[in-house]
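Down below is the structure, laid out as structure tokens.
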Amino acid sequence: LTLGACAAQPGREAASTRYIAAQKQEARRLEDAGELAQALAVWRTLLPLRKDDSDIDRSIDELQLEIAERTDASLHSARSAYGAGNIRRGDRLMLSVLALQPGNEEALKALGDSASARASAQQQSKSEEENRIAMRATAKPPEPMVRDMQALYLRQDYTGMIELAGDAQPASDPEVAAMLRSAHIG
């Protein structure tokens, strides 16, 4: 048993060493690809396995510093973009902040506010358009009634004009209202 235990240790140690080397290589590849948050996560998987490996601690510290600097720069640029009215650029920069620091409160809030404002503006625009359509529909009397009233007015058939206008509300069109007043006078 003692001999078996001694023989098993080097194999386990070798597997651990290969795993650490593979993780380091993957973390560096992710850093080179610009995927800093993922690279940091991979470096952190090595923390429980390290045995006096200063490379892991140094790499994590450097990566955290770079992420913090890039995050601060992106946040500053995003605030400037929002302040200048460039919402699209501000949103893009806030998304880059989230790529660096998933769960960043300021970025999440800014993107939520931006989406809410965009939805409100769309709703406002839609409501105004629907209002304009409704106003056009109610403001104009039906075209045939206007023509019929004009024809009756030209023939001086005032009684016919009053009967035609019976149930309608011609007062919304100033021309029809004026013809109806003349019909009543006539």
Side-chain angles (χ1 to χ4, degrees), residues 1-140:
L1 285 172
T2 305
L3 267 176
C6 289
Q9 277 305 91
R12 193 178 212 187
E13 187 69 31
S16 179
T17 302
R18 280 194 308 272
Y19 175 76
I20 290 172
Q23 288 295 87
K24 284 182 178 181
Q25 183 179 359
E26 177 63 11
R28 288 188 181 106
R29 184 193 69 74
L30 288 168
E31 282 181 59
D32 292 341
E35 298 176 24
L36 303 182
Q38 292 86 348
L40 182 60
V42 172
W43 278 115
R44 286 180 175 161
T45 63
L46 298 174
L47 286 175
L49 302 173
R50 71 172 183 248
K51 294 179 182 169
D52 300 324
D53 190 344
S54 62
D55 186 37
I56 295 171
D57 291 331
R58 182 184 47 74
S59 295
I60 288 174
D61 290 342
E62 288 173 359
L63 199 51
Q64 286 176 330
L65 181 62
E66 184 176 354
I67 288 172
E69 288 172 354
R70 285 187 182 189
T71 299
D72 289 343
S74 291
L75 283 172
H76 177 72
S77 297
R79 287 184 207 117
S80 297
Y82 283 137
N86 191 344
I87 305 303
R88 195 175 287 238
R89 183 173 179 338
D91 287 350
R92 227 181 2 261
L93 287 164
M94 285 301 182
L95 287 171
S96 70
V97 167
L98 289 177
L100 291 167
Q101 284 185 344
N104 182 290
E105 291 293 323
E106 183 177 350
L108 289 171
K109 182 178 179 341
L111 287 169
D113 291 347
S114 175
S116 178
R118 194 170 32 258
S120 292
Q122 287 173 342
Q123 182 60 41
Q124 179 69 24
S125 174
K126 183 178 178 182
S127 294
E128 288 173 359
E129 181 61 26
E130 288 173 350
N131 248 354
R132 279 193 293 272
I133 290 170
M135 291 301 288
R136 277 188 227 130
T138 59
K140 269 189 166 175

Nearest heavy atoms of Ser114 and Ile87, plus distance in Å: OG-CG2, 3.3 Å

Within-4.5 Å side-chain heavy-atom neighbours: Asp113 and Met94: no

Distance-minimising heavy-atom pair for Ala27 and Ala39: O-CB, 3.5 Å

Salt bridge (charged side-chain N to carboxylate O under 4.0 Å, His left out) between Lys109 and Glu105, worked out: CA-CA 6 Å; Lys109 182 178 179 341; Glu105 291 293 323; over 6 Å; no

Atom pair OG (Ser59) and NZ (Lys24), whose distance is rounded to the nearest 0.5 Å: 7.5 Å

Inter-residue atom distance Glu66.CD - Leu100.CG, 0.5 Å rounding: 8.5 Å

Sidechain-backbone polar pair: Ser77 side chain, Ala73 backbone, donor-acceptor under 3.5 Å: yes

Note: Asp32-Arg28 ion pair, threshold 4.0 Å (strictly below): no

Test item: Ser120 side-chain N/O and Ser116 main-chain N/O as donor-acceptor pair under 3.5 Å: yes

Euclidean distance, Gln101 CD relative to Arg70 CZ, rounded to 0.5 Å: 12.5 Å

Spacing of NE2 belonging to His76 relative to CZ belonging to Arg79, to within rounding of 0.5 Å: 8.0 Å

Glu62, CD: over 12 other non-hydrogen atoms inside 6.0 angstrom: yes

Distance (rounded to the nearest 0.5 Å) between Leu36 CG and Leu63 CG: 5.5 Å

Reference residue Glu106; test side-chain contact (heavy atoms from CB on, under 4.5 Å); the match among Val97, Leu75, Thr71: Leu75

Test side-chain contact (heavy atoms from CB on, under 4.5 Å) applied to Trp43 and Glu31, Arg58, Gln64, the passing residue: Glu31

4.5 Å side-chain heavy-atom contact, Ile60 and Ile56: yes

Considering all heavy atoms, the nearest Leu46-Ile20 contact: CD2-CA, 3.9 Å

Distance-minimising heavy-atom pair for Ala81 and Gly90: CB-N, 3.7 Å

